[in-house]
Amino acid sequence: MRRLRIVRADPAGNITLFVLTPVEKAACAAIAADLMKIGELKAEQVGFVFPNGHMEMEAGEFCGNASRAYGYLLARQRGLTGRHTMHLSVSGCDHPIAVTVDMDAGTSEAEMPLPRFVRPVNVDGTAGTLVHLGGIAHLVVQGVTPSREFFEKAEPLFEKEPGLEAYGVCFLAGERMTPLVKVPEAGTLVFEGSCGSGTLASAIALSEGHEGRFSAALTQPAGTVCASVTRQAGAVVAASIGGAVTLGEPFEVTI
């Protein structure tokens with residue numbers, strides 16, 4: 001039995017639990033799976049805060065929503081007000097990322113990793129865009145009814161890419177996006193309330209052919225996330241996501 005101190009964060013509906021109690025890195029995936037089984041928490045993912053300030057996701061993946069929520073949590077813990085930018089160590093990224101919080105507005109914006117590649121693909125006769133962001137990749141499709149059945153047809157695309165800690169399909173319908181994300185190590189496949197990396201992947205797909213700054217605000221099942229992409233000569237050279245964040249008070253749970 002473990003007794004853990006946790007905080008429940010809500011970055012635009014992508015419910016994230018932060019485990020404040022130090023745990024062994026090897027135990028993160030199993031602990032996350034146990035926490036996500038607690039129905040009343042309604043958690044979609046779990047992040048672990050290490051004593052050195054590093055935030056590790058359950059399977060070592062990068063998560064934009066969790067990263068910006070983590071920045072908001074740190075700002076609250078430090079008693080900050082107003083607007084602040086900090087550089088944070090998070091899993092799935094090889095450098096500290098910039099997170100800008102506005103404690104008065106209740107928002108947080110996170111720098112996002114640049115895509116390793118963006119390529120057109122075809123799944124069962126449906127054209128889509130595969131966006132590889134490092135530890136996580138997304139297939140962006142338009143005009144497809146969100147379903148686990150379509151995800152299963154798309155999954156072989158991801159299985160060909162080594163080193164993915166998580167992957168998902170982003171179902172676009174105009175300015176609405178429904179994300180379905182799998183974390184194999186944790187054994188989860190979740191229709192998320194919102195998905196930061198999926199929002200970015202969708203903005204990258206939508207920005208094909210644009211030059212300069214491109215922004216999109218995508219409404220998702222539980223909230224809206226904004227993404228900004230800057231292209232130069234067709235290449236993505238900068239990216240970020242932002243939106244509202246709310247935090248609960250720390251509490252303890254036994255698993």
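This is a predicted model, so every value here is computed, not measured.
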Practice prompt. Using distance alone, with no hydrogens and no angle criterion, decide if Y167 and E155 have a side-chain donor and acceptor under 3.5 Å apart.
Written response: yes

Worksheet entry | Non-hydrogen side-chain atoms of T16 and L73 separated by less than 4.5 Å | no

Worksheet item: Going through the distances and angles, do S197 and E61 end up as a side-chain contact (heavy atoms from CB on, under 4.5 Å)?
Response: CA-CA 11 Å; S197 58; E61 74 273 21; over 6 Å; no

Discussion item. Can a donor-acceptor pair be found, under 3.5 Å and without considering hydrogens, that links the side chain of E44 to the backbone of G193?
Written reply: yes

Fill in: Shortest non-hydrogen separation from I241 to G196 and the atoms involved
CD1-CA, 3.4 Å

Item to complete: Would you please name every residue forming a side chain to side chain donor-acceptor pair (under 3.5 Å) with S215, sequence neighbours left out?
Response: S228

Discussion item. Tell me if a side-chain donor or acceptor on R68 pairs with a main-chain N or O of G243 at a distance below 3.5 Å.
Written reply: yes

Discussion item. Ignoring hydrogens, what is the shortest heavy-atom contact between A9 and L247? Give both atom names and the distance.
Written reply: CB-CD2, 3.5 Å

Worksheet item: For the atom pair CZ (F62) and OG (S67), what is the distance rounded to the nearest 0.5 Å?
Response: 4.0 Å

Worksheet item: Run the side-chain contact (heavy atoms from CB on, under 4.5 Å) check on E161 and R116 step by step: do they pass?
Response: CA-CA 11 Å; E161 302 298 332; R116 290 188 179 179; over 6 Å; no

Discussion item. Could you tell me if the side chain of P221 sits less than 4.5 Å from the side chain of F191, heavy atoms only?
Written reply: no

Discussion item. Are the side chains of L133 and P115 in contact, using a 4.5 Å heavy-atom criterion?
Written reply: yes

Worksheet item: Considering only heavy atoms from C-beta outward, does the side chain of N14 approach that of Q220 to under 4.5 Å?
Response: no

Practice prompt. State yes or no: do M112 and I136 share one hydrophobic cluster built from I, L, V, M, F, W and Y residues joined by side-chain heavy-atom distances below 4.5 Å, directly or via other members?
Written response: yes

Discussion item. Listing request: all ring-ring contact (aromatic ring centres under 6.0 Å, His included) pairs with a residue in residues 108-127, at least two apart in sequence or in separate chains.
Written reply: F117-H132

Fill in: Residue from V23, L17, T21, V46 passing side-chain contact (heavy atoms from CB on, under 4.5 Å) with I31
V23

Worksheet item: Any side-chain heavy atom of V190 within less than 4.5 Å of one from V181?
Response: no

Practice prompt. Please confirm whether the backbone N or O of S240 pairs with a side-chain atom of E109, one donor and one acceptor, at under 3.5 Å?
Written response: no

Discussion item. Is there a continuous path of hydrophobic side-chain contacts, each under 4.5 Å between heavy atoms, that joins L139 to V229?
Written reply: no

Discussion item. Please report the interatomic distance CE(M103) to CZ(R76), rounded to the nearest 0.5 Å.
Written reply: 7.5 Å

Could you pull out every donor-acceptor pair under 3.5 Å between side chains of residues 33-40 and any protein atom, sequence neighbours left out?
none

Worksheet item: Does any pair with a residue in residues 215-234 pass ring-ring contact (aromatic ring centres under 6.0 Å, His included), and if so which ones, sequence neighbours excluded?
Response: none

Worksheet item: When clusters are formed by joining ILVMFWY residues with side-chain heavy atoms under 4.5 Å apart, either directly or through shared neighbours, do F18 and L41 land in the same one?
Response: no

Discussion item. So, using side chain to side chain donor-acceptor pair (under 3.5 Å) as the criterion, who are the partners of E165 when residues are at least two apart?
Written reply: none

Worksheet entry | From CG (L172) to CE (M177), nearest 0.5 Å | 6.5 Å

Worksheet entry | Nearest atoms (heavy-atom pairs only) where V101 meets A75 | CG2-CB, 3.8 Å

Worksheet item: Could you state the interatomic distance from CD (E211) to CD (Q232), rounded to the nearest 0.5 Å?
Response: 7.0 Å

Worksheet item: Judged by atom type as modelled, is there a donor-acceptor pair below 3.5 Å linking the side chain of E56 to the main-chain atoms of H54?
Response: no

Item to complete: Could you tell me which non-hydrogen atom of A239 sits nearest to which non-hydrogen atom of L114, and how far apart they are?
Response: N-CD2, 4.1 Å

Worksheet item: Under the 3.5 angstrom rule, does the side chain of T246 hit a backbone N or O of A244 as a donor-acceptor pair?
Response: no

Item to complete: Could you verify whether a donor N or O on one side chain and an acceptor N or O on the other, from T254 and R3, lie under 3.5 Å apart?
Response: yes

Worksheet item: Can you check whether I255 reaches R2 side chain to side chain, under 4.5 Å on heavy atoms?
Response: yes

Discussion item. Which residues pass the ring pair (Phe, Tyr, Trp, His ring centres under 6.0 Å) test with F171, not counting sequence neighbours?
Written reply: F150

Discussion item. Taking V141 as the starting point, is it possible to reach V118 by hopping between hydrophobic residues whose side chains are less than 4.5 Å apart?
Written reply: no

Worksheet item: When you look at K182 and E152, which way does the salt bridge (Lys or Arg N to Asp or Glu O under 4.0 Å) test go after all the steps?
Response: CA-CA 11 Å; K182 184 171 186 175; E152 291 172 359; over 6 Å; no

Worksheet item: Hey, are S194 and N65 close enough side-chain-wise for a donor-acceptor pair under 3.5 Å?
Response: yes

Discussion item. Using the rule given for side-chain contact (heavy atoms from CB on, under 4.5 Å), can you reason through F48 versus K25, listing the C-alpha separation, both sets of side-chain angles and the distance that settles it, and then say yes or no?
Written reply: CA-CA 9 Å; F48 297 82; K25 187 174 181 179; over 6 Å; no

Practice prompt. Output the distance between atom CZ (F50) and atom SG (C28), rounded to the nearest 0.5 Å.
Written response: 4.0 Å

Worksheet entry | Nearest-0.5 Å distance that lies between atom CG in D102 and atom CG in L80 | 11.5 Å

Worksheet item: Do you reckon L200 sits in the same ILVMFWY cluster as V245, going by side-chain contacts under 4.5 Å, direct or chained?
Response: yes

Fill in: Under 3.5 Å donor-acceptor, R231 side chain and I204 backbone
yes

Practice prompt. Apply side-chain contact (heavy atoms from CB on, under 4.5 Å) to V99 and Y72, showing your working.
Written response: CA-CA 8 Å; V99 176; Y72 200 87; over 6 Å; no

Worksheet item: What closest approach, in Å, do N122 and A127 show between heavy atoms, and which atom pair accounts for it?
Response: ND2-N, 4.1 Å

Worksheet item: Which pair of heavy atoms, one from M57 and one from M55, lies closest together, and at what distance?
Response: SD-SD, 3.7 Å

